[in-house]
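Computed over heavy atoms, backbone and side chain alike; hydrogens, waters and symmetry mates excluded.
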Amino acid sequence: MRNAFLLLVALALLLAFIPFAPSFATPANAQIISISPTTGAVGTLVTLTGPGFGNALPFSITFDDIFVAEGKTTDIGLVSASFSVPSGVKLGRHTVTFTSGAFTAFAFFEVAKSAITLSVSDGAVGTGVTVNGTGFPSSTNVDILYDGDLIATRTTAISGVF
């Protein structure tokens with residue numbers, strides 16, 4: 001009985017002093033990347049940048065498991081690449097993965113639903129109305145219709161707003 005108690009105490013002490021690495025620890029070869037924008041609709045143009053990679057190395061980028069871009073890092077190890085959010089992906093959070101040799105880096109992109117807002121909800125004939133949109137593909141023409149008639153066309157910003 002005493003041996004079992006001593007074994008239990010020794011095991012408890014051993015466990016208290018063993019450093020545990022959390023499951024979300026960053027691997028030693030992981031690097032940091034940035035994407036812009038981080039939210040948008042399918043078709044949004046996303047730019048990925050990052051420092052500290054190997055010089056003139058080939059790389060690939062995936063959106064979840066969908067291949068979206070490839071290229072080479074610069075002669076000083078920098079990366080800058082653009083890709084469009086692939087069609088068919090669902091609303092929600094997605095993982096963008098950059099891989100170059102032993103280097104791997106991750107960023108997250110939120111696919112959001114497109115939406116419009118109006119400056120006024122009702123008014124007399126001739127009342128001015130401002131239409132704002134978010135969550136649209138970047139640098140895309142958006143037609144604004146009223147009762148089926150085209151009344152304006154706007155081009156979205158890189159962030160997908162107009």
How close do [X] and [Y] get, counting heavy atoms only, and between which atoms?
X      : Y     : result
Asn55  : Gly77 : OD1-N, 3.2 Å
Ala112 : Thr39 : CB-CG2, 3.8 Å
Ser100 : Pro58 : OG-O, 2.9 Å
Thr49  : Ser80 : CG2-OG, 3.9 Å

Going from [atom1] on [X] to [atom2] on [Y], what distance comes out if it is rounded to the nearest 0.5 angstrom?
X     : Y      : atom1 : atom2 : answer
Thr44 : Glu110 : OG1   : CD    : 12.0 Å
Ser36 : Leu48  : OG    : CG    : 10.5 Å
Thr62 : His94  : OG1   : NE2   : 12.5 Å
Leu57 : Thr73  : CG    : OG1   : 4.5 Å
Ile33 : Thr97  : CD1   : OG1   : 7.5 Å
Phe98 : Phe106 : CZ    : CZ    : 12.0 Å

With sequence neighbours excluded, what pairs up with Thr74 under the side-chain hydrogen bond (donor to acceptor under 3.5 Å, both in side chains) test?
none
Following the transitive rule for hydrophobic clusters with a side-chain heavy-atom cut-off under 4.5 Å over Ile, Leu, Val, Met, Phe, Trp and Tyr, establish whether [X] and [Y] coincide in one cluster.
X      : Y      : answer
Val161 : Ile116 : no
Tyr146 : Ile144 : yes
Val129 : Ile151 : yes

Is the number of heavy atoms from other residues, nucleotides or ligands under 6.0 Å of Asp65 CG greater than 12?
no
I'd like to check [X] versus [Y] (side-chain heavy atoms, cut-off strictly below 4.5 Å). Are they in contact?
X      : Y      : answer
Val89  : Phe63  : yes
Thr156 : Val142 : yes
Val120 : Thr127 : yes
Phe109 : Ile35  : yes
Val96  : Phe108 : no

Walk me through whether Phe162 and Val131 qualify under side-chain contact (heavy atoms from CB on, under 4.5 Å).
CA-CA 8 Å; Phe162 71 88; Val131 179; 4.0 Å; yes
Stepwise, does the side chain to side chain donor-acceptor pair (under 3.5 Å) test hold for Thr47 with Ser82?
CA-CA 4 Å; Thr47 300; Ser82 295; 3.2 Å; yes
Between Leu45, Val111, Val68, which is the residue that forms a side chain to side chain contact (heavy atoms under 4.5 Å, CB included) with Val85?
Val111
Checking Val79 against Phe59 for the side-chain contact (heavy atoms from CB on, under 4.5 Å) test, could you report, in this order, the C-alpha distance in whole Å, the side-chain angles of both residues, the deciding distance, and whether it holds?
CA-CA 9 Å; Val79 63; Phe59 66 81; 3.6 Å; yes
Between Asn141 and Thr153, does a side chain to side chain donor-acceptor pair (under 3.5 Å) hold up when you go through it step by step?
CA-CA 7 Å; Asn141 287 336; Thr153 298; over 6 Å; no
